[in-house]
Amino acid sequence: MSDDGLREAYQSLADRTTESFDQFKQFSSFCEIHPQYVGGVCCGAVLVFGSEIHACILPWAKGLWFSRRAIRLLNAVIAKHGKATTRATTDEGRRFVESLGFVADGEIYRRNRRWDLKH
């Protein structure tokens, strides 16, 4: 498996986990890995496991990485599973997922409606 985006994704959460990179890589082997880029530079990845999504993005890319490409990915998850779910472990993460229209349901955030992408 390629490490495209995985090292950056791991670095984005290394201060909040006790897992090693190898453990993170093993966990992520069950996920679809979607590397994310800003200006051609990898800034992390979106990990998808069924309806569950996790954006692991380096701090320098916050506010820059979420693009039409990311919206299409989330729309595909909702189209396939009828919902997208995620968790947020920081106040900043909670604000971000709520700004995207995810609604808290206990510790899980859900979004059932796809985004309207006007061409």
Side-chain angles (χ1 to χ4, degrees):
M1 171 173 48
S2 169
D3 285 355
D4 288 354
L6 276 181
R7 288 211 180 271
E8 294 83 357
Y10 176 74
Q11 290 169 354
S12 77
L13 57 85
D15 64 338
R16 294 178 280 135
T17 185
T18 58
E19 290 182 343
S20 68
F21 173 70
D22 288 335
Q23 290 169 316
F24 178 72
K25 185 175 178 179
Q26 183 178 4
F27 159 77
S28 65
S29 69
F30 298 100
C31 302
E32 296 172 27
I33 309 300
H34 300 271
Q36 300 298 306
Y37 299 88
V38 173
V41 178
C42 187
C43 62
V46 175
L47 284 65
V48 179
F49 182 73
S51 68
E52 192 172 339
I53 59 172
H54 297 284
C56 304
I57 305 297
L58 290 168
W60 67 263
K62 288 187 177 148
L64 302 173
W65 74 275
F66 194 77
S67 64
R68 293 176 74 78
R69 181 176 177 236
I71 291 171
R72 284 191 295 272
L73 172 61
L74 296 175
N75 277 348
V77 169
I78 294 169
K80 184 174 183 179
H81 299 282
K83 64 183 175 186
T85 60
T86 193
R87 294 175 188 267
T89 58
T90 65
D91 287 339
E92 186 177 14
R94 285 185 278 283
R95 284 191 301 272
F96 175 68
V97 297
E98 288 171 358
S99 76
L100 295 177
F102 282 79
V103 177
D105 182 8
E107 292 183 14
I108 297 173
Y109 284 82
R110 299 179 193 284
R111 180 172 170 113
N112 300 329
R113 192 171 44 89
R114 289 185 274 177
W115 284 266
D116 184 22
L117 282 173
K118 301 194 191 251
H119 299 307

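We number each residue from 1, following the sequence as shown. Computed from a predicted structure; not experimentally measured.
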Original post:
Hey, is the main chain of Q26 close enough, under 3.5 Å, to the side chain of S29 for a donor-acceptor pair?
Top reply: yes
Original post:
When rounded to the nearest 0.5 angstrom, what is the spacing between CZ in R111 and CD in E98?
Top reply: 13.0 Å
Original post:
Of the non-hydrogen atoms in H54 and R87, which two are nearest, and what is the gap between them?
Top reply: CE1-N, 4.1 Å
Original post:
Does a side-chain heavy-atom distance below 4.5 Å link T86 with F102?
Top reply: yes
**OP:** Evaluate salt bridge (Lys or Arg N to Asp or Glu O under 4.0 Å) for K25 paired with D22, printing each intermediate quantity in order.
**Re:** CA-CA 5 Å; K25 185 175 178 179; D22 288 335; over 6 Å; no
**OP:** Determine yes or no for a side-chain-to-main-chain donor-acceptor pair under 3.5 angstrom, with S28 supplying the side chain and C31 the backbone.
**Re:** no
Original post:
Out of curiosity, I53 CD1 to H81 NE2, how far, rounded to the nearest 0.5 Å?
Top reply: 10.5 Å
Original post:
Is there a chain of hydrophobic side chains (I, L, V, M, F, W, Y, each step under 4.5 Å between heavy atoms) that links L74 to Y37?
Top reply: no
Original post:
What's the spacing between L58 CG and C42 SG if we round to 0.5 Å?
Top reply: 7.5 Å
**OP:** State yes or no: do L64 and L100 share one hydrophobic cluster built from I, L, V, M, F, W and Y residues joined by side-chain heavy-atom distances below 4.5 Å, directly or via other members?
**Re:** yes
**OP:** Check whether the side chains of H34 and Q36 place a donor and an acceptor atom closer than 3.5 Å, and report yes or no.
**Re:** no
Original post:
Quick one: are V103 and R110 in side-chain contact, heavy atoms under 4.5 Å?
Top reply: no
Original post:
Is any side-chain heavy atom of R94 closer than 4.5 Å to a side-chain heavy atom of Y109?
Top reply: yes
Subject >> Separation of R68 CZ from N75 CG (nearest 0.5 Å) >> reply: 10.5 Å
Original post:
Would I33 and D4 satisfy side-chain contact (heavy atoms from CB on, under 4.5 Å), going step by step from the backbone distance to the final call?
Top reply: CA-CA 8 Å; I33 309 300; D4 288 354; over 6 Å; no
Subject >> R114 atom CZ, over 12 foreign heavy atoms within 6.0 Å >> reply: no
Original post:
Atom CZ of R95 and atom OG1 of T90: how far apart are they, to the nearest 0.5 Å?
Top reply: 7.5 Å
Original post:
Would a 4.5 Å heavy-atom cut-off, applied to side chains only, mark R113 and I78 as touching?
Top reply: no
Original post:
Are F49 and I57 co-members of a hydrophobic cluster defined by side-chain heavy atoms under 4.5 Å apart?
Top reply: no
**OP:** For the residue pair Y10 and F21, categorise the inter-ring angle as parallel (less than 30°), tilted (30 to 60°) or perpendicular (more than 60°).
**Re:** perpendicular
Original post:
Any link between F66 and W60 through a network of hydrophobic side chains (Ile, Leu, Val, Met, Phe, Trp, Tyr) touching at under 4.5 Å?
Top reply: yes
Original post:
Are I108 and L13 in one and the same hydrophobic cluster, where Ile, Leu, Val, Met, Phe, Trp and Tyr link if side-chain heavy atoms are under 4.5 Å apart?
Top reply: no
Original post:
To the nearest 0.5 Å, what is the distance between CZ (R16) and SG (C56)?
Top reply: 8.0 Å
